[in-house]
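The structure displayed is predicted, hence computed values, not measured ones.
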Amino acid sequence: MTAQFPPPSATAEAIALQAIATLGEEFVALRRKLHTQPELAYKEEKTSALVAGYLESWGYEVARNVGGTGVVGTLKSGRGSRTVGIRADMDALPITEATGLPYASTVPGVMHACGHDGHTSILLAAAKHLATTRAFSGTLRVIFQPAEENGGGARSMIKDGLFERFPVDAVFGLHNWPGVPAGEFGFLAGPAMASVDLAIIRIIGKGGHGAKPQQAVDPVVASASLVLALQTVVSRNVDPLEAVVVTVGSIHGGIAPNVIPDSVDLQLTIRTFDDTVRENVRQRIIELAQSHAASFGARAEVHYPRGYPVLVNHAGETDFARQVAARHFGEERIRQDFRPITASEDFAFMLKERPGSYLFIGNGDSADLHNPHYDFNDAILVDAARYWVALVQDYLSDNSEPAK
């Protein structure tokens with residue numbers, strides 16, 4: 001059953017909006033402070049300490065070092081029996097910033113190129129307002145996660161007993177999205193973000209003089225042919241109605257134009273939206289690499305580490321999250337044509353453990369994520385914080401029931 005709510009009064013909405021808006025300047029300043037001091041996965045010591053300190057000062061019960069540098073804050077109000085979790089990620093990327101902003105990264109080779117500084121500040125702003133007003137009935141968990149960028153921080157927190165130590169009935173997360181008008185929301189039930197796997201292929205031949213190729217087994221030629229053949233995995237081994245990406249992003253081999261090397265290394269990223277398709281693609285890539293190399297007289301060694309799983313949003317919780325946006329911001333702020341995303345996200349691990357939904361808010365006409373020119377759009381911070389406040393208050397309302 002989907003939760004039903006009475007419409008909020010215009011007066012209550014106006015008061016809440018004004019109260020949260022007054023926090024905007026404070027948390028934009030905080031966001032920019034975080035931007036100047038980015039920290040990589042599992043090294044978020046300063047960020048984690050800052051987050052924990054704020055939460056404790058606002059009256060949250062705080063657990064530090066969850067899954068490494070993770071922080072969980074708990075706040076109870078009223079007599080409600082339900083518990084909701086809201087997650088933000090904290091880590092930065094190994095990218096050299098090129099924005100030239102006055103608050104650009106001061107850490108060489110590290111920057112917040114995905115907006116995690118914004119996500120952290122959004123949730124802190126909402127957490128402060130909720131602690132001040134206590135206008136909900138139940139238990140709130142605010143989850144500040146380390147190592148989303150290829151570090152599997154969500155999985156580390158789960159292994160450290162996240163949901164056993166801090167149980168929730170549902171968990172929600174949010175990501176800014178460049179190219180979507182600032183402040184518009186996107187919701188997707190079911191598979192919303194792709195799984196990601198890495199294939200590392202070494203084609204091993206026999207080196208020799210470039211002038212005598214007949215005496216060698218050329219792994220460069222075999223690799224070049226394999227790159228083209230790998231695209232047939234998508235075009236000929238997968239249902240055309242399934243979305244799959246196979247990208248060869250790295251090829252390395254040889255040191256001179258007149259020398260045939262002994263081996264060539266290729267690295268691939270593979271994205272899928274279905275677990276069965278994911279496994280079939282894995283098997284096909286391994287088989288193709290080995291048989292293709294053999295056809296050239298070479299051999300292939302394939303290492304295939306698993307990455308993040310498909311992020312699957314639960315239908316009831318996604319419908320609830322969409323209702324929140326419609327009630328408090330209007331249908332016109334909801335992006336109707338928002339489509340599944342081939343990027344990946346380790347919030348998928350949390351959604352495998354608990355019901356919930358991962359939603360998106362437009363970052364406007366900014367540089368893309370993971371780009372040295374990217375910057376989080378501070379203009380969306382207040383509305384995003386206001387959304388978290390509305391979601392918590394609606395989910396932990398005495399007049400509501402949990403989405404099922």
Kindly write out the residues that satisfy side chain to side chain contact (heavy atoms under 4.5 Å, CB included) with A211, not counting sequence neighbours, or none if the list is empty.
H209

Just by distance, no angles: are the side chains of H328 and D394 close enough, under 3.5 Å, to form a donor-acceptor pair?
yes

Once you measure the plane-to-plane angle for H175 and H116, does it fall in the parallel (<30°), tilted (30-60°) or perpendicular (>60°) bin?
perpendicular

For Y42, all residues meeting ring-ring contact (aromatic ring centres under 6.0 Å, His included), sequence neighbours excluded:
none

Could you pull out all residues at least two apart from H112 that satisfy ring-ring contact (aromatic ring centres under 6.0 Å, His included)?
none

R82 to Y395, cation-pi by 6.0 Å centre distance and 45° axis angle:
yes

Identify, with sequence neighbours excluded, every residue that meets salt bridge (Lys or Arg N to Asp or Glu O under 4.0 Å) alongside D368.
none

Quiz question: by atom type and distance under 3.5 Å, do the side chains of S357 and T318 form a donor-acceptor pair?
yes

Taken in chain and number order and not counting sequence neighbours, the residues that satisfy salt bridge (Lys or Arg N to Asp or Glu O under 4.0 Å) with R322 are E331

Determine whether the aromatic ring centres of F360 and Y358 lie less than 6.0 Å apart.
yes

Can a salt bridge be assigned to the pair E345 and R271 using a cut-off of 4.0 Å between side-chain N and carboxylate O?
no

Do any pairs count as a side chain to side chain donor-acceptor pair (under 3.5 Å) and have a residue in residues 211-234, sequence neighbours left out, and if so which ones?
S225-H292

Check the surroundings of atom CD in E25: do more than 12 heavy atoms from other residues, nucleotides or ligands lie under 6.0 Å from it?
no

Output all residues satisfying side chain to side chain contact (heavy atoms under 4.5 Å, CB included) with V234, sequence neighbours left out; order by chain, then residue number.
V244, V246

Do D160 and R155 pass the salt bridge (charged side-chain N to carboxylate O under 4.0 Å, His left out) test, and can you show the C-alpha distance, the side-chain angles, and the key distance before you say yes or no?
CA-CA 9 Å; D160 199 16; R155 180 168 47 192; over 6 Å; no

Kindly write out the residues that satisfy ring-ring contact (aromatic ring centres under 6.0 Å, His included) with F163, not counting sequence neighbours, or none if the list is empty.
none

Note: K46-E44 ion pair, threshold 4.0 Å (strictly below)
no

Side chains of Q283 and E279: donor-acceptor distance under 3.5 Å anywhere?
yes

For K76, is there an ion pair with E61 - N to carboxylate O distance below 4.0 angstrom?
no

Would you list the pairs meeting side chain to side chain donor-acceptor pair (under 3.5 Å) in which at least one residue belongs to residues 236-246, sequence neighbours left out?
N237-R284

Would you list the pairs meeting ring-ring contact (aromatic ring centres under 6.0 Å, His included) in which at least one residue belongs to residues 234-284, sequence neighbours left out?
none

Under 3.5 Å, is there a donor-acceptor pair linking the side chains of D319 and Q323?
yes

Residues in salt bridge (Lys or Arg N to Asp or Glu O under 4.0 Å) contact with D375, at least two apart in sequence or another chain
R31

Let me check something: any side-chain donor-acceptor pairs from residues 179-205 under 3.5 Å, sequence neighbours excluded? List them with distances.
unit_1	atom_1	unit_2	atom_2	d
E184	OE1	R335	NH1	3.3
S195	OG	T272	O	3.2
S195	OG	T272	OG1	2.8
D197	OD1	R278	NE	3.4
D197	OD1	R278	NH2	2.7
D197	OD1	G307	N	3.0
D197	OD2	R278	NE	2.9
D197	OD2	R306	NH1	3.2
R202	NE	D265	OD1	2.6
R202	NH2	D265	OD1	3.4
R202	NH2	D265	OD2	2.9

Heavy-atom closest pair, residues L23 and A125
CD1-O, 3.6 Å

Is the shortest side-chain N to carboxylate O distance from R333 to D383 below 4.0 Å?
yes

Pairing of E56 and R64 as salt bridge, 4.0 angstrom limit
yes

Check the pair E97, H373 against side-chain hydrogen bond (donor to acceptor under 3.5 Å, both in side chains), reporting the backbone distance first and the verdict last.
CA-CA 7 Å; E97 184 161 357; H373 295 278; over 6 Å; no

Check this for me, if you would: do D117 and K33 make a salt bridge, where the nitrogen-to-carboxylate-oxygen distance has to be below 4.0 angstrom?
no

